[in-house]
Amino acid sequence: MLRVLTVGPEDTSVSISHLCGSNCSTLRSPYPGSRGGGSITSSCYAGGMSVKPLRRDAIESRARIISAARVVFAERGCEVPLSEIAAVAGVGVATLSRHFDRAQLVQAVIEQRLLEHVDTADDALALAPEEAVLSYVRGLCARGLVDRSLVRTFTLPLPDSQIAGRLRRQLRQRQLKLIRAGQDAGVLRAGVVPEDLLLVLLAVQCSMESTTGGAAWERTLAILLAGLSDTATDCELPRPPRLDDLIQPANGPRPGRRPSSLSNS
C-alpha cells in the first residue's frame with residue numbers, strides 16, 4: 001500500500017506519495033502562495049537521476065524497503081548495515097541500492113515519521129487544555145521505548161529535504177500551541193519552549209537505555225513533568241538551548257564508541 005504524506009504551506013494540507021511512479025516524490029500544492037511555484041520535492045529518490053515511471057514491482061520493492069527500514073531503525077537505530085534492511089524487506093542489497101543509498105533511506109523514513117508526529121500533536125490539541133501537553137509528552141516518551149531512532153527524527157539535519165523542513169516547522173507550531181494551552185490552563189510554567197520537550201525525551205531515553213524495567217524511566221518522566229508544572233515557579237528557568245545545540249549530542253556517538261557516519265554499508 002502506498003504511504004501518502006500530507007503536508008502543505010505551513011498549516012494547510014495537500015498530499016504527496018513517497019511511492020509514486022517516479023524516482024522522486026513531489027508535493028503539489030493548490031495554494032498559489034506556496035513556495036517553489038506550488039511544489040516542493042524530496043531528493044531522497046531523485047539523487048541526480050532522470051525521473052522515469054516505475055514498474056509496479058519496483059514500486060512494491062520500494063514500499064517493502066521503506067517499511068523494513070522503519071522497523072529496523074526503530075529496533076537498532078539508523079546505522080545498521082543495509083544488508084540487514086534488505087533481508088527484512090526480502091530484496092537483495094543490489095535492489096535496495098538501486099532505489100536508495102543510506103542517507104536517502106533515512107530521509108524517506110524520517111519524512112514519514114515526521115508526518116505521524118504532526119498528526120500526534122493534532123490529536124493532543126483536540127484534548128482538554130489541561131491534559132493536552134502532558135499527554136503529548138508522555139506519548140512521545142512512550143514512543144521512545146520502541147523507537148531507538150526517535151531523537152534523530154527531530155534532530156538529524158536534512159538540508160536536501162524541503163518536506164522534512166516543512167513538517168518540522170508544522171510540528172513546532174503545534175508544540176507551541178500545546179505549550180500555550182497548558183500555560184493558559186495553569187498546568188505548565190512560563191518559559192517552556194518546544195526544545196524543552198526534546199530535552200525531556202533525551203533524558204527519559206537515557207534512563208530507558210541505562211536501566212531495566214519501566215520504573216526508572218517513568219520516575220524520570222514524572223520528575224521532569226513536575227519541574228515543568230506551573231507550581232514549580234519558585235526559580236527562573238535557565239536559558240533554553242537552541243535546536244542546533246541539541247543536534248550534535250543527540251546524533252553523536254555514545255561514550256566509548258567510535259564515531260560513525262551514515263555510510264552505505
Side-chain angles (χ1 to χ4, degrees), residues 1 3 5 18-19 42 44-45 47 60-117 120 138-158 160-161 163-164 167-168 171 197-218 220-221 246-265:
M1 179 178 294
R3 178 68 173 99
L5 300 186
H18 268 306
L19 305 175
S42 171
C44 62
Y45 304 119
E60 292 173 352
S61 293
R62 192 184 295 274
R64 289 199 303 272
I65 291 167
I66 293 178
S67 295
R70 286 171 61 91
V71 172
V72 175
F73 289 164
E75 291 178 350
R76 300 185 54 195
C78 295
E79 297 177 352
V80 297
L82 293 181
S83 58
E84 296 188 19
I85 298 172
V88 173
V91 302
V93 175
T95 297
L96 187 152
S97 298
R98 281 198 300 271
H99 292 292
F100 304 98
D101 62 26
R102 179 182 297 279
Q104 291 168 341
L105 186 54
V106 169
Q107 179 175 313
V109 170
I110 286 178
E111 287 174 348
Q112 287 193 357
R113 285 185 171 154
L114 282 169
L115 172 66
E116 294 165 0
H117 284 286
T120 298
R138 291 190 188 99
L140 188 64
C141 292
R143 186 173 293 191
L145 280 172
V146 295
D147 185 358
R148 294 189 61 183
S149 64
L150 180 59
V151 172
R152 284 198 164 191
T153 298
F154 307 120
T155 63
L156 185 68
L158 296 173
D160 295 329
S161 173
I163 293 172
L167 287 168
R168 283 171 171 167
L171 180 59
L197 308 185
L198 183 56
L199 285 173
V200 171
L201 174 61
L202 285 166
V204 170
Q205 277 207 320
C206 181
S207 179
M208 292 173 185
E209 295 176 0
S210 304
T211 60
T212 58
W217 79 263
E218 290 172 352
T220 300
L221 176 58
L246 299 174
I247 288 174
Q248 181 58 39
N251 296 322
R254 296 180 190 171
R257 294 186 63 183
R258 295 173 57 190
S260 176
S261 62
L262 295 178
S263 59
N264 296 319
S265 59

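Note that this is a predicted model, so its numbers are computed, not measured.
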Any side-chain heavy-atom pair from F154 and H117 closer than 4.5 angstrom? yes
Output for pair (R62 CZ, T95 OG1), nearest 0.5 Å, gives 12.0 Å
Reported CH2-to-CD distance for the pair W217 and Q205, which is rounded to 0.5 angstrom: 10.5 Å
Measure the shortest side-chain to side-chain distance between V204 and E218 over non-hydrogen atoms and say whether it is less than 4.5 angstrom. no
Nearest-0.5 Å distance that lies between atom SG in C78 and atom CG in L156: 7.0 Å
Under the side-chain contact (heavy atoms from CB on, under 4.5 Å) rule, collect the residues that match up with S67, sequence neighbours excluded. none
Can you list everything that forms a side chain to side chain donor-acceptor pair (under 3.5 Å) with T153? Sequence neighbours excluded, please. none
Quick one: which residue pairs count as a salt bridge (charged side-chain N to carboxylate O under 4.0 Å, His left out) with a foot in residues 85-94, not counting sequence neighbours? none
Under-4.0 Å salt bridge between R70 and E75: no
Rounded to the nearest 0.5 Å, what separates atom NE2 in H99 from atom CD1 in I66? 10.0 Å
Could you tell me which residues satisfy salt bridge (Lys or Arg N to Asp or Glu O under 4.0 Å) with E84, sequence neighbours excluded, listed by chain and number? R76
Ignoring hydrogens and angles, state whether a donor on the side chain of R113 or S149 is under 3.5 Å from an acceptor on the partner side chain. yes
Quick one: does Q104's side chain have a donor or acceptor within less than 3.5 Å of a partner on D101's backbone? yes
Report the residues that fulfil side-chain contact (heavy atoms from CB on, under 4.5 Å) with V93, sequence neighbours left out, ordered by chain and then residue number. S83, A86, S97
Can you name the side-chain contact (heavy atoms from CB on, under 4.5 Å) partners of A89, sequence neighbours left out? R64, I65, A68, V91
Is R152 close enough and on-axis enough to F73, meaning under 6.0 Å and within 45°, for cation-pi? no
Suppose we screen for side-chain contact (heavy atoms from CB on, under 4.5 Å). Which residues come up paired with T120, at least two apart in sequence or across chains? Y136, R143
